[in-house]
K.L.:
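Quick one: the structure is below, questions incoming.
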Protein chains: 2
Amino acid sequence: MSKVEDALKAPSVRSRNPERTRAEILSEAVHEFAEHGFHGARVERITKAAKCNARMIYHYFGGKEQLYLAVLDSVYAQIRNREAQLRFGTADPITEARRLVEFTYDYFAENGDFLKMIRNENLLQGKYIKRSQMIRDMSQPFIAAIGELMERGYSAGVFSRKPDPVQLYVTVVALSAHHLNNAATLGTVVGQDLTDLSWQAERRDHAVEVVLSYLGIQTRG
Amino acid sequence: MSKVEDALKAPSVRSRNPERTRAEILSEAVHEFAEHGFHGARVERITKAAKCNARMIYHYFGGKEQLYLAVLDSVYAQIRNREAQLRFGTADPITEARRLVEFTYDYFAENGDFLKMIRNENLLQGKYIKRSQMIRDMSQPFIAAIGELMERGYSAGVFSRKPDPVQLYVTVVALSAHHLNNAATLGTVVGQDLTDLSWQAERRDHAVEVVLSYLGIQTRG
DNA sequence: CACTTAAGTAAATATCTTTTGATTTAATTT
DNA sequence: AAATTAAATCAAAAGATATTTACTTAAGTG
């Protein structure tokens, strides 16, 4: 190869940096799997985005499946960390109930890839989440905390109900997530743009009102 | 080929029946696309299930994409027909609000493929639903009917709120669908089997209570 | 009953995707 | 500074999947 050709294709070798390369692959894989799902995701797109060679995925992760698993673990680990920061023990039950809804709502709104990964994982019938012990253990404390909050609010006479914590959790998540998971179809069907920020702000208020009024708290009038 | 071989591979020719073949392909395609999504779906699995040759998909539908579109139209057409039977004008507003939730909940519970198709269509960012004018027009009357019901209940002094019909619709759908769409991940996370029939019966009661109490209706106490 | 049409079959092709083998070379260690 | 390790590249094999071509034959038609 001539000196000229050499100069043109310039830095054909990437400087070595295992941590960075691994991290970039993982980060781009989050987007790719979130956006297209496991079957729709393309190894080539990930490597292009990570500006590295396809071989590296096999080097660092073992294959497409293992990479997917690493991505799933990674997005769950992130929300677990955030949840752990929440403590429902401090303020009065009404404030805490509101915090619960707002935290959940905001986390989903701000971390689009999390819901998208979950949507795909459910399409695969939870094939991979079942393999991850880490994820299994994660939300137990969160749900336990909700149970304690319900107990506290009810015995203080502030809540008129003491719902099953799991039902309440599923409801909070449903109210916060469904319009994001189904923005395309719902938006088409109702003729509104659900990705619009003012729509989502309305949705947030609505979600809070629904949960608080279910607990028997007057939010107006 | 010998007579013996002939006899062994027996009826290698399928009796001709265009309507039946087309209908069987469509029906099996609903399951395949619902179960695996567009990218996960396999043409070969569909033809095997429909007991016909892959060529027939191209003969009757033109290709995998067009078949998917036909499936999407088909599942939406089905729910549209059911919704059209509902009329919220008759009974008192409380009963009608309850009917709204119960109808939505039951339809989703009983027609698993519908939600699954929608989940996948959202993974594809609504790529195909946007092409279907039929689906666009479909839910407008349903949402209008919800709006009228809210109006009626509020002016009769039975509801304490008059929510935006779209927000209420999204909430009813969310409460009815989220645990089905996310049964695998939620089930793992909360450590319960959300596909269990008694769990789902509880969920149904819960959904009704949430919506009715939001509208300001006492469901107990 | 010849004749036409299109339903159906079988096999090959064209593509697209993941994965691996062989090799180079940057960094680290002794 | 030679030797070693493993990060990175390149190219192609291996695998899977959608689609098409060429052909066969059942059913309907004048």
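Every value quoted in this text rests on a predicted model; they were computed, and no experiment measured them. Residue numbers start from 1 in every chain, and the chains themselves are labelled A, B, ... in the order their sequence lines are given, proteins ahead of strands.
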K.L.:
State which residues pass side-chain hydrogen bond (donor to acceptor under 3.5 Å, both in side chains) with A:Asp137; sequence neighbours excluded, sorted by chain then number.
P.N.:
A:Gln133
K.L.:
Taking only residues two or more places apart in sequence or in another chain, which ones pass ring pair (Phe, Tyr, Trp, His ring centres under 6.0 Å) with B:His206?
P.N.:
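For B:His206, the residues satisfying ring pair (Phe, Tyr, Trp, His ring centres under 6.0 Å) (neighbours in sequence not counted) are A:Tyr214.
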K.L.:
Looking at residues at least two apart in the chain, or sitting in another chain, which of them share a side-chain hydrogen bond (donor to acceptor under 3.5 Å, both in side chains) with A:Arg99?
P.N.:
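Once residues adjacent in sequence are excluded, the partners of A:Arg99 under the side-chain hydrogen bond (donor to acceptor under 3.5 Å, both in side chains) criterion are A:Glu96.
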K.L.:
Could you list the residues that satisfy side-chain hydrogen bond (donor to acceptor under 3.5 Å, both in side chains) with B:Ser27, not counting sequence neighbours?
P.N.:
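With sequence neighbours excluded, B:Ser27 shows a side-chain hydrogen bond (donor to acceptor under 3.5 Å, both in side chains) to no residue whatsoever.
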K.L.:
Per the side-chain hydrogen bond (donor to acceptor under 3.5 Å, both in side chains) rule, what does the pair list look like for residues 38-47 of chain B, sequence neighbours excluded?
P.N.:
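Qualifying pairs: B:Glu32-B:Arg45.
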K.L.:
With sequence neighbours left out, which residue pairs that include part of residues 171-195 of chain A fulfil the ring pair (Phe, Tyr, Trp, His ring centres under 6.0 Å) condition?
P.N.:
A:Tyr105-A:His179, A:His179-A:Trp199
K.L.:
For nucleotides 27-30 of chain C, give me every protein contact, N/O to N/O, under 3.5 Å, one pair per line with atom names.
P.N.:
none

K.L.:
Could you note down all residue pairs passing salt bridge (Lys or Arg N to Asp or Glu O under 4.0 Å) where residues 186-204 of chain B supplies at least one of them, sequence neighbours left out?
P.N.:
B:Glu102-B:Arg204, B:Asp106-B:Arg204
K.L.:
Run the side chain to side chain contact (heavy atoms under 4.5 Å, CB included) check on B:Leu175 and A:Thr171 step by step: do they pass?
P.N.:
CA-CA 6 Å; B:Leu175 293 172; A:Thr171 288; 3.6 Å; yes
K.L.:
If the condition is ring pair (Phe, Tyr, Trp, His ring centres under 6.0 Å), which residues does A:Tyr68 pass it with, not counting sequence neighbours?
P.N.:
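For A:Tyr68, the residues satisfying ring pair (Phe, Tyr, Trp, His ring centres under 6.0 Å) (neighbours in sequence not counted) are A:Phe33, A:Phe38, A:Tyr128.
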K.L.:
Within residues 19-46 of chain B, find the residues that approach DNA chain D with a heavy atom at under 4.0 Å, and present them sorted by residue number.
P.N.:
B:Ala41, B:Arg42, B:Val43
K.L.:
Side-chain atoms of residues 71-83 of chain A: list all donor-acceptor pairs with protein atoms under 3.5 Å, sequence neighbours left out, distances to 0.1 Å.
P.N.:
| from | atom 1 | to | atom 2 | distance (Å) |
| --- | --- | --- | --- | --- |
| A:Asp73 | OD1 | A:Ser132 | OG | 2.8 |
| A:Asn81 | ND2 | A:Ala77 | O | 3.4 |

K.L.:
Specify the residues of residues 50-74 of chain B, ordered by number, for which at least one heavy atom lies under 4.0 angstrom from an atom of DNA chain D.
P.N.:
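Heavy-atom cutoff 4.0 Å gives B:Arg55, B:Tyr58, B:Lys64.
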